[in-house]
Amino acid sequence: MATVHVFPLRRMLPLVDAALYLGIPARRLRMLGLLHAGPRPAARNGRTLMYRVEDLDRYVTQLYGRARISAGEEARQRQEWRARIAAPPVRDARGRPARLIDPCMQALTLDALVSSGGPLGLKLLFASGLGLIFLSHTPVMWRLYAML
């Protein structure tokens with residue numbers, strides 16, 4: 001009896017398709033990756049990041065678990081989302097395909113962005129404040145103040 005193996009790249013999605021699979025814009029998925037708050041890319045195909053479907057599913061389950069949403073409700077919402085993706089594309093008033101965004105995943109990933117990006121933002125504010133204090137006591141800044 002022969003064993004059949006699935007080709008590894010078959011279960012992988014590029015960044016844009018992974019974002020559509022999750023129900024978020026590609027820019028948000030890229031930002032989650034930069035802050036280490038999202039799913040980890042499995043490989044690079046040239047300049048394109050590739051994500052495993054299993055990792056995306058694990059990330060979704062983690063987000064739903066953090067929000068204390070039951071597994072049954074998660075399964076229902078994800079099944080509804082997959083049906084919406086599989087349906088023929090909806091067109092907007094200009095005839096372009098409308099952006100598909102899952103409102104639940106939008107809220108869950110926004111929470112992940114805020115919780116991981118907040119401390120980084122505070123560190124940047126603190127460092128820029130120290131820089132401003134340092135520069136305000138230099139003759140260069142005095143000359144700038146005098147010109148105003």
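- For residues 116-136, there are no salt bridge (charged side-chain N to carboxylate O under 4.0 Å, His left out) pairs, not counting sequence neighbours.
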Side chains of residues 47-55: which donor-acceptor partners sit under 3.5 Å, not counting sequence neighbours?
residue: E54; atom: OE2; partner: R11; partner atom: NE; Å: 2.9
residue: E54; atom: OE2; partner: R11; partner atom: NH2; Å: 3.1
residue: D55; atom: OD1; partner: R58; partner atom: NH1; Å: 2.8

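- Q62 meets the side chain to side chain donor-acceptor pair (under 3.5 Å) test with no other residue; sequence neighbours excluded.
- With sequence neighbours excluded, no residue satisfies side-chain contact (heavy atoms from CB on, under 4.5 Å) with A107.
- Counting all heavy atoms, side chain and backbone alike, A37 lies closest to A112 at CB-O, 4.0 Å.
- Interatomic distance, M105 CE to L29 CG, rounded to the nearest 0.5 Å: 9.5 Å.
- Checked against side chain to side chain donor-acceptor pair (under 3.5 Å), D17 has no partners two or more places apart in sequence or in another chain.
- Taken to the nearest 0.5 Å, the CD1 atom of I101 stands 12.5 Å off from the CG atom of L22.
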Side chain to side chain contact (heavy atoms under 4.5 Å, CB included) evaluation trace for L32 with I24: CA-CA 11 Å; L32 284 167; I24 59 175; 4.1 Å; yes
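- Hydrophobic cluster membership is shared by V60 and L108, with clusters built from Ile, Leu, Val, Met, Phe, Trp and Tyr side chains linked at under 4.5 angstrom.
- Residues satisfying the side chain to side chain donor-acceptor pair (under 3.5 Å) test with E74, not counting sequence neighbours, are T61.
- For residues 100-122, the set of pairs meeting the salt bridge (charged side-chain N to carboxylate O under 4.0 Å, His left out) definition, not counting sequence neighbours, comprises R66-D111, R78-D102.
- Not counting sequence neighbours, the partners of D57 by the side chain to side chain donor-acceptor pair (under 3.5 Å) test are Y21, R82.
- Residue L110 shares its hydrophobic cluster (ILVMFWY side chains chained together at separations under 4.5 Å) with V114.
- At least one side-chain heavy atom of T109 sits less than 4.5 Å from a side-chain heavy atom of Y59.
- The two residues P25 and Q106 have their closest heavy-atom pair at CD-OE1, 3.4 Å.
- Not counting sequence neighbours, the partners of E73 by the side-chain contact (heavy atoms from CB on, under 4.5 Å) test are I69, S70, R76, Q77.
- Counting only residues at least two apart or on different chains, no salt bridge (charged side-chain N to carboxylate O under 4.0 Å, His left out) pair has a member in residues 23-32.
- In the hydrophobic clustering of ILVMFWY residues, with side-chain heavy atoms under 4.5 Å counting as a link, L56 and Y64 come out together.
- Residue L100 holds its CG atom at 7.0 Å from CD1 of I85, rounded to the nearest 0.5 Å.
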Give every donor-acceptor pair under 3.5 Å between a side-chain atom in residues 125-133 and any protein atom, sequence neighbours left out.
residue: S128; atom: OG; partner: L124; partner atom: O; Å: 3.1
residue: S128; atom: OG; partner: L125; partner atom: O; Å: 2.9

